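What you are looking at is a predicted structure, and each value in this text was computed from that prediction instead of being measured. Counting begins at 1 with the first residue of the sequence.
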Amino acid sequence: MPHDEQPPGSVRSAHLATMAADHAQLSYEYLNSGDIDAYTSLFEKDAVLHRPELTIYGREELERYHQRHAGLRRYSVSRIMVSACGEHVVVIGSTTEATAGEQTGFADVFTVSDCGLFISQRAFHFALGRRGPR
């Protein structure tokens with residue numbers, strides 16, 4: 001293959017990686033706006049969400065879960081990282097509780113299907129430390 005030609009899968013991978021990053025960003029925007037239908041449209045029908053306290057199976061259960069929890073927290077995305085092939089997306093950010101204003105850090109790892117929808121999401125939460133004097 002000549003130097004300036006790309007392997008056949010690389011264009012597809014670049015497109016999938018871009019789509020995966022866009023879908024990840026949109027997912028938090030949809031959650032923040034309360035548009036749960038739009039949020040769940042980014043997931044495959046048989047997607048799985050792994051949270052520290054429970055596992056949710058399927059788009060319908062995912063929708064019910066987020067309908068019950070809509071508006072309880074606001075997401076702020078700090079960083080989105082996508083694997084070169086676009087198969088995995090990692091999102092790092094924080095959530096702010098609506099009532100108490102308490103912040104928690106999160107790292108979410110998404111697995112992406114060939115058509116750009118999420119197959120799974122694995123959520124990790126952590127305490128945000130206070131910055132002290134240096």
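- The line from CD1 of I80 to CG of D22 is 8.5 Å long, rounded to the nearest 0.5 Å.
- Atom-to-atom distance recorded for S27:OG and D35:CG is 12.0 Å, nearest 0.5 angstrom.
- Counting non-hydrogen atoms of neighbouring residues, nucleotides and ligands closer than 6.0 angstrom, the CD atom of E102 reaches no more than 12 such neighbours.
- Rounding to the nearest 0.5 Å places OG of S33 at 8.5 Å from CZ of R74.
- The line from CG of L72 to OG1 of T96 is 13.0 Å long, rounded to the nearest 0.5 Å.
- When every heavy atom of A84 is checked against every heavy atom of A17, the shortest pair comes out as O-CB, 4.3 Å.
- Distance CZ/R64 to CD1/I36: 13.5 Å, rounded to 0.5 Å.
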Show the numbers, then the answer: is there a side-chain contact (heavy atoms from CB on, under 4.5 Å) between D37 and E63? CA-CA 7 Å; D37 287 336; E63 184 171 356; 2.7 Å; yes
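- Residue L16 is grouped with residue L26 when hydrophobic side chains (ILVMFWY) are merged at heavy-atom distances under 4.5 angstrom, including chains of intermediate members.
- With hydrogens and angles ignored, the 3.5 Å screen pairs a side-chain donor or acceptor of N32 with a backbone N or O of Y75.
- Taking 4.5 Å as the limit, every side-chain heavy atom of V89 sits out of range of all side-chain heavy atoms of M81.
- Other residues, nucleotides and ligands place more than 12 heavy atoms under 6.0 Å from the CZ atom of R68.
- Residues I119 and V109 do not share a hydrophobic cluster, defined by chaining ILVMFWY side chains whose heavy atoms lie under 4.5 Å apart.
- Taking NE2 of H23 as the reference point, atom OG of S41 lies at 7.5 Å (rounded to 0.5 Å).
- In this structure, R73 places its CZ atom where more than 12 heavy-atom neighbours from other residues, nucleotides or ligands lie under 6.0 Å away.
- Residue E29 places its CD atom among more than 12 non-hydrogen atoms of other residues, nucleotides or ligands, all under 6.0 Å distant.
- In this structure, V77 is a member of the same hydrophobic cluster as F43, with clusters built from ILVMFWY side-chain heavy atoms closer than 4.5 Å.
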side-chain contact (heavy atoms from CB on, under 4.5 Å) between Q103 and T95: does it pass, once the steps are laid out? CA-CA 5 Å; Q103 287 192 318; T95 61; over 6 Å; no
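- By the 4.5 Å heavy-atom criterion applied to side chains, S76 and Y28 are not counted as neighbours.
- For Q67, the side-chain hydrogen bond (donor to acceptor under 3.5 Å, both in side chains) criterion is met by no residue, not counting sequence neighbours.
- In the hydrophobic clustering of ILVMFWY residues, with side-chain heavy atoms under 4.5 Å counting as a link, I56 and F118 come out together.
- The backbone N or O of H88 lies less than 3.5 Å from a partner atom in the side chain of S83, making a donor-acceptor pair.
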Take L62 and Y57 through the side-chain contact (heavy atoms from CB on, under 4.5 Å) test and state the conclusion after the steps. CA-CA 7 Å; L62 183 64; Y57 298 94; over 6 Å; no
If you apply the rule side-chain contact (heavy atoms from CB on, under 4.5 Å), what do you find for V112 with L117, and how did you get there? CA-CA 6 Å; V112 183; L117 296 177; over 6 Å; no
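- Annotation: side-chain hydrogen bond (donor to acceptor under 3.5 Å, both in side chains) contacts of Q121 (sequence neighbours excluded): Y39, D108.
- Listed here is the closest heavy atom pair of A98 and G71: CB-O, 3.3 Å.
- Each of V91, L128, I92 was scored for a side-chain contact (heavy atoms from CB on, under 4.5 Å) with F106, with one residue passing: V91.
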Let me have the donor-acceptor pairs involving side chains of residues 44-55, under 3.5 Å, with sequence neighbours excluded, atom names and distances please.
residue : atom : partner : partner atom : Å
E44     : OE2  : S113    : OG           : 2.8
R51     : NE   : E53     : OE2          : 2.9
R51     : NE   : Y65     : OH           : 3.0
R51     : NH2  : E53     : OE2          : 3.4

